[in-house]
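Each chain gets a letter, A, B and so on, in the order the sequences are listed, and its residues count up from 1. Heavy-atom basis, side chains included; hydrogens, waters and symmetry copies ignored.
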2 protein chains.
Amino acid sequence: MTLLHDNDTDSEKKACILATAERLFRDVGYLKTTVADIAKTLKMSPANIYRFFDSKKSIHEGVARRLMAEVEDAADAIAAKSNPPRERMHELLATVSIMNAERFVGDSKIHEMVAIAMEESWDVCDAHIQRIVTAIGTVIADGAKSGAFNVKDVELAAKCVCAGMLRFFHPQMIEQSAKKPGPSLDQMIDFIIAGLTLGTPDLSGGQR
Amino acid sequence: MTLLHDNDTDSEKKACILATAERLFRDVGYLKTTVADIAKTLKMSPANIYRFFDSKKSIHEGVARRLMAEVEDAADAIAAKSNPPRERMHELLATVSIMNAERFVGDSKIHEMVAIAMEESWDVCDAHIQRIVTAIGTVIADGAKSGAFNVKDVELAAKCVCAGMLRFFHPQMIEQSAKKPGPSLDQMIDFIIAGLTLGTPDLSGGQR
């Protein structure tokens with residue numbers, strides 16, 4: 001068990017509170033976990049927790065942000081690579097889908113944690129989506145420059161890619177689609193990349 | 001108010017029960033509506049209703065099937081047209097999205113009705129999705145024949161189109177996305193059609 005030490009820095013303490021909260025949310029459930037439970041597990045007082053987080057909601061947002069940041073960092077790292085844009089796009093989309101499934105899909109307790117984040121902290125989810133769209137846009141921009149993709153409006157194309165991958169990106173859709181017939185992740189990604197390669201009249205500025 | 005008459009045929013009586021049930025589900029909510037309520041509204045006995053539907057669940061499925069059939073009929077009618085496949089595909093995808101939004105998105109009572117259908121009667125939803133995929137496949141096959149689309153595996157391409165439109169087809173996604181940034185319906189459809197036009201290596205049988 002992780003315990004806090006007096007000489008831990010504030011940011012170490014915050015990270016420790018979030019790690020403990022995440023474990024309780026996953027094991028016990030978000031709704032059933034109280035700030036007192038988190039404090040007790042860490043052998044500290046609730047008042048001490050409130051020094052770092054003003055509510056259970058902000059702890060929850062902190063947990064969500066931490067998990068989302070892992071996906072964002074991976075997406076950014078792939079976007080910054082120098083391999084061909086089509087290949088890079090494939091890797092980026094597959095990675096986001098797999099990491100989301102690992103982090104945000106599972107039993108009813110994880111489902112509860114994700115549903116509450118989407119209902120009560122949409123701005124946190126939205127900022128995350130924007131980060132992923134930006135990483136996708138970086139690869140599209142590189143592909144547009146090299147001629148691999150035929151796209152004029154990079155931002156719009158990035159939004160279309162993200163929306164087109166919803167079945168494989170959105171936690172609730174991943175869960176709902178898991179046992180349903182449909183394209184595989186690789187087939188879907190190939191289809192999406194084909195859209196970028198030709199470019200649509202609106203995206204590439206041509207006539208319809 | 002619609003009332004049953006003694007000389008109505010069985011299929012007229014069934015249609016009347018479903019229309020009344022749908023209205024009550026929308027106005028009062030699915031969970032709060034009992035078979036007795038439906039019977040009372042129709043001035044008939046619950047036993048008489050059970051002659052046609054063995055449970056509230058089968059009434060619910062009947063209501064869902066009726067609403068879905070309207071969308072399927074519209075999709076089939078568009079698929080059977082003879083205008084250019086790209087134009088036809090645009091009309092088909094836009095129509096399904098708009099009809100789904102009209103039927104399955106709205107207040108919490110509609111949300112409840114849809115969520116229960118998806119949880120408890122997935123086979124009904126699945127059959128509906130298959131019908132829409134088939135209509136999309138018809139247009140893709142025509143486009144593949146005419147050269148408008150570069151697709152070898154029509155069924156797989158149809159599944160990719162349907163999955164790619166999830167944000168605009170799935171009731172819960174339509175609702176969740178309504179006020180969120182992202183591509184417009186027309187922009188998304190153009191993007192999806194571009195994927196069909198070029199064809200992906202896997203879909204068209206070429207090299208990656």
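B/F25 approaches B/H60 most closely through the heavy-atom pair CE1-CA, 3.9 Å.
Ion pairing of A/K81 with A/E87 is absent here, as no side-chain N (NZ or NE/NH1/NH2) approaches a carboxylate O to less than 4.0 Å. Using a cutoff of 4.0 Å between basic side-chain nitrogens and carboxylate oxygens, A/E70 and A/R66 are not scored as salt-bridged. Comment: B/D107 does not engage B/R26 in a salt bridge, judged by the lack of any side-chain N to carboxylate O separation of less than 4.0 angstrom.
Only the side chain of A/M173 comes within less than 4.5 Å of a heavy atom in chain B; its backbone stays farther off. Only the side chain of A/Q172 comes within contact range of chain B, with heavy atoms under 4.5 Å apart.
Residues of residues 112-133 of chain B that come closer than 4.5 Å to chain A, counting heavy atoms only, are B/M118, B/W122, B/D126, B/Q130, ordered by residue number.
Side chain of B/R88 to backbone of B/A79: a donor-acceptor contact under 3.5 angstrom is found.
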Chi angles and distances behind the salt bridge (charged side-chain N to carboxylate O under 4.0 Å, His left out) call for B/K32, B/D37 = CA-CA 9 Å; B/K32 281 192 188 156; B/D37 294 331; over 6 Å; no
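Checked by atom type, the side-chain pair B/H90/B/D186 shows a donor-acceptor distance below 3.5 Å.
Residue with the most contacts toward chain B among A/R167, A/K159, A/M165, A/E155: A/K159 (heavy-atom pairs, distance under 4.5 Å).
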